[in-house]
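Just so we're on the same page: letters track the sequence lines, and every chain starts at 1.
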Number of protein chains: 4
Amino acid sequence: MARVKDDQKIELIYQATMGLVMKHGFTALKMADVAAEAGLATGTVYIYFKDKETLINQLYNYIREKSTGLYAEGIDEEDSFRKSLRRLWKQFFNFSLEHSAEAAFLEQYQRSPYLTGKSKKENNLLMQPFLELLSRGQQEKRLVKLEKEVILSLMIGPVHEMIRSQTNGSLKITPTVIDSTFELIWESVKR
Amino acid sequence: MARVKDDQKIELIYQATMGLVMKHGFTALKMADVAAEAGLATGTVYIYFKDKETLINQLYNYIREKSTGLYAEGIDEEDSFRKSLRRLWKQFFNFSLEHSAEAAFLEQYQRSPYLTGKSKKENNLLMQPFLELLSRGQQEKRLVKLEKEVILSLMIGPVHEMIRSQTNGSLKITPTVIDSTFELIWESVKR
Amino acid sequence: MARVKDDQKIELIYQATMGLVMKHGFTALKMADVAAEAGLATGTVYIYFKDKETLINQLYNYIREKSTGLYAEGIDEEDSFRKSLRRLWKQFFNFSLEHSAEAAFLEQYQRSPYLTGKSKKENNLLMQPFLELLSRGQQEKRLVKLEKEVILSLMIGPVHEMIRSQTNGSLKITPTVIDSTFELIWESVKR
Amino acid sequence: MARVKDDQKIELIYQATMGLVMKHGFTALKMADVAAEAGLATGTVYIYFKDKETLINQLYNYIREKSTGLYAEGIDEEDSFRKSLRRLWKQFFNFSLEHSAEAAFLEQYQRSPYLTGKSKKENNLLMQPFLELLSRGQQEKRLVKLEKEVILSLMIGPVHEMIRSQTNGSLKITPTVIDSTFELIWESVKR
DNA sequence: CATGAATGAGTTTTCATTCAT
DNA sequence: TATGAATGAAAACTCATTCAT
């Protein structure tokens with residue numbers, strides 16, 4: 001059979017896995033359910049992934065790579081620092097919002113027994129575009145003097161929290177809300 | 001009389017469970033391990049908790065109640081809004097830091113199959129002290145005009161994120177860092 | 001403590017055991033339930049009986065001995081064979097009826113893993129008074145020529161069956177019914 | 001296609017269960033033993049039956065339905081009442097004899113915690129062919145005037161009792177014995 | 001490759017029995 | 001003796017993985 005078909009199936013399995021992790025968490029993740037959700041037989045999943053651990057780890061890599069590339073797209077070196085930061089942050093927010101299944105998976109993965117020392121380091125790469133931009137901001141003295149990790153937390157933390165609130169049902173995120181939020185964050189991190 | 005069924009043992013089981021969840025996550029939680037960690041026989045756990053689900057749900061309630069009470073202690077109505085907010089926020093931060101096992105458990109619980117509609121609502125109570133103080137701030141016009149949920153995210157989000165960074169090893173949280181962080185947050189939420 | 005008290009407790013445990021076996025059968029018989037039903041602590045049962053098997057076997061012996069003696073009481077050698085048989089059979093019926101818990105226990109015991117070769121033989125003793133009377137009947141040529149075991153079945157079988165029907169709710173046993181039933185049975189076994 | 005989930009396996013499990021219940025009783029029935037006896041892995045049984053309770057209840061229904069159909073086969077309305085009754089009774093006897101495993105199971109089931117109100121009623125259906133024939137007998141005035149339940153007990157009770165005796169080893173049932181027994185029973189129930 | 005029934009090791013849960021009080 | 005909490009071996013049940021079709 002054609003190669004294309006295989007890739008489609010891998011994607012199918014990834015989507016099924018993420019969806020289930022978002023809905024019921026890692027704890028309840030069963031291989032049989034993944035297969036069913038993907039519209040495949042249990043055994044088929046094992047053709048594409050050696051075992052559960054491999055599936056999860058490969059999915060993790062897949063999401064990480066895809067995410068990093070996507071949300072950091074189109075950042076223009078020519079733009080002012082503020083403008084660049086605004087753009088990157090909003091892209092991150094929107095990306096997180098649209099890809100909540102991926103986000104949920106990443107979050108769960110952190111506290112899972114699947115997280116190895118290796119993937120711990122790789123995780124930081126996800127924030128790489130942010131960290132680089134923050135470096136530029138500090139060089140241009142447009143950013144408050146403080147550890148970059150703290151500044152990153154000030155920017156990223158609220159995003160995660162707001163998405164959680166929306167999932168809870170206690171907050172409705174609109175473009176306006178996103179814009180205002182950035183302005184507030186900017187107040188705290190600008191120099 | 002026979003050995004007395006004691007609350008101390010319940011506490012023991014709770015601690016063992018939280019410790020294990022923090023270390024290896026929800027996924028790997030085994031009743032036999034809980035018992036061993038608590039220094040008890042497997043069967044003993046079942047004297048105090050009907051089954052695994054009950055243990056987890058009761059532990060969740062226990063942590064929630066205990067946490068809410070603790071971090072919100074000693075808030076003085078006489079203090080200025082800024083001072084009160086600073087105090088509550090720092091207490092929340094320190095509490096989260098000191099009770100990372102509890103925090104880890106709560107976080108894991110959110111995405112677990114154990115979360116019911118009922119516990120979803122109860123969860124909001126945890127943030128109640130914060131929400132009340134924010135109301136006061138908005139009445140006194142000391143707080144930016146924005147949905148309280150957003151403001152809460154701006155305050156709480158960075159705390160969660162920083163603690164995660166410290167767990168990762170990419171950040172070392174010191175009292176100074178905490179203080180500076182609050183000042184930055186205050187810049188964004190004050191009016 | 002006094003000796004009397006002990007015997008009372010043994011009796012208490014026996015009654016509790018029989019009641020539970022009647023209600024839910026052997027399968028569901030738990031030592032903790034026996035104790036609770038008897039109003040005792042679990043451990044107390046083990047003071048009087050070495051283990052579950054011992055309790056069941058001793059109870060079996062207790063019932064067997066008590067029953068045999070009781071239902072066969074007052075049989076008068078001077079009475080005619082028919083009169084004697086009638087009396088013995090009715091006593092057996094009434095005894096079975098009044099002591100349905102005992103009867104249920106005996107019945108269950110037969111099919112249980114507690115039944116040993118030894119108790120298998122002892123079981124026949126229960127029917128001894130009947131078998132003796134049947135011997136007399138055959139000597140007096142008042143009884144049909146057929147294996148005594150078959151005749152016994154013709155007499156005893158309906159009793160068990162009727163009691164089961166009454167337990168089911170599909171039959172109401174009255175003294176009149178008992179009398180008529182004997183007359184019918186007599187028709188079949190007389191010579 | 002994968003191995004097909006087959007009804008034959010269900011039959012296999014049923015046979016294994018009945019055999020074990022007959023040999024060692026309900027009490028000692030273990031799922032692992034059922035599987036082993038059926039030549040399957042433990043887990044396989046759970047593919048066909050949700051849990052132990054379900055297995056037992058479905059087996060009960062299976063036996064009941066099968067039994068009713070089988071022993072009542074070939075009854076001819078044209079035959080005289082006596083002939084019909086003789087035939088039905090003998091078929092019942094032989095069936096009970098040949099299917100002692102089934103019979104043992106049914107008997108055990110009655111006093112088990114698995115018996116529900118629903119199955120209690122269904123149980124009566126087993127005797128339905130008998131009850132109908134008895135009705136005919138009473139209409140034709142060939143049967144003694146007495147509650148049908150009593151007459152049923154006079155006919156069925158001895159069968160159960162004799163089989164029990166044979167199992168005990170105290171009676172050897174032969175075709176001659178069966179024939180003579182019916183004649184005696186007929187003496188008591190005819191009008 | 002695809003399927004999904006079968007497997008059996010691994011977990012959860014029960015319950016006879018012990019033992020500290 | 002009496003108590004009933006504690007124990008842990010044994011039974012019920014689950015689910016990742018295999019394999020016959």
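Rounded to whole angstrom, the span from the CG atom of C:D33 across to the P atom of E:dT17 amounts to 14 Å. Separating the CD atom of C:Q8 from the P atom of F:dT1 is a distance of 15 Å, rounded to the nearest angstrom. If you measure from atom CD1 of B:I56 to atom C1' of E:dT12, you get 12 Å, rounded to the nearest angstrom. Atom C1' of nucleotide F:dT3 and atom CD1 of C:I47 are separated by 8 Å, given to the nearest angstrom. For the pair C:L55 CG and E:dA16 P, the interatomic distance rounds to 11 Å; values are reported in whole Å. Whole-Å rounding puts the C:E37 CD to F:dG4 P distance at 16 Å.
Of the two residues contacting DNA chain F, namely B:V45 and C:G39, the nearest-nucleotide position lying further toward the 5' end is that of C:G39.
Contacts of D:E107 classified as salt bridge (charged side-chain N to carboxylate O under 4.0 Å, His left out), with partners at least two apart in sequence or in another chain: D:R164. For D:H99, the ring pair (Phe, Tyr, Trp, His ring centres under 6.0 Å) test picks out D:F95, with sequence neighbours left out. Residues passing the salt bridge (charged side-chain N to carboxylate O under 4.0 Å, His left out) test with A:K30, sequence neighbours excluded: none. The side-chain hydrogen bond (donor to acceptor under 3.5 Å, both in side chains) test applied to A:D51 returns A:T54, not counting sequence neighbours. With sequence neighbours excluded, no residue satisfies salt bridge (charged side-chain N to carboxylate O under 4.0 Å, His left out) with D:K23. For the ring pair (Phe, Tyr, Trp, His ring centres under 6.0 Å) test, residues two or more places apart in sequence or in another chain that qualify with B:F49 are B:Y14. Taking D:E11 as the reference, D:Q15, D:Y62 meet the side-chain hydrogen bond (donor to acceptor under 3.5 Å, both in side chains) condition, with sequence neighbours excluded. Take B:S100 and apply the side-chain hydrogen bond (donor to acceptor under 3.5 Å, both in side chains) test, not counting sequence neighbours, and it matches no residue. B:F105 meets the ring pair (Phe, Tyr, Trp, His ring centres under 6.0 Å) test with B:F26; sequence neighbours excluded.
Among A:L12, A:I10, A:L55, the single residue meeting the side chain to side chain contact (heavy atoms under 4.5 Å, CB included) criterion with A:Y48 is A:I10.
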For B:L29 and B:D33: C-alpha separation, side-chain torsions, deciding distance, then whether side chain to side chain contact (heavy atoms under 4.5 Å, CB included) applies. CA-CA 7 Å; B:L29 190 69; B:D33 291 351; over 6 Å; no
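The phosphate of E:dC1 has neither OP1 nor OP2 within less than 4.0 Å of any side-chain N or O from A:K9. Proximity of B:Y48 to the phosphate of F:dA6: a side-chain N or O atom is located under 4.0 Å from OP1 or OP2.
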Given protein heavy atoms under 4.0 Å, the one-letter contact record of nucleotides 8-13 of chain F, with B base, S sugar-phosphate only and - none, is simply B--SSB
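Non-hydrogen atoms lying under 4.0 Å from DNA chain F are contributed by nothing in residues 17-25 of chain A.
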Note, DNA chain E 5' to 3' with Watson-Crick or G-U pairs under 3.5 Å encoded as ( ), [ ], | and . gives .||||||||||||||||||||
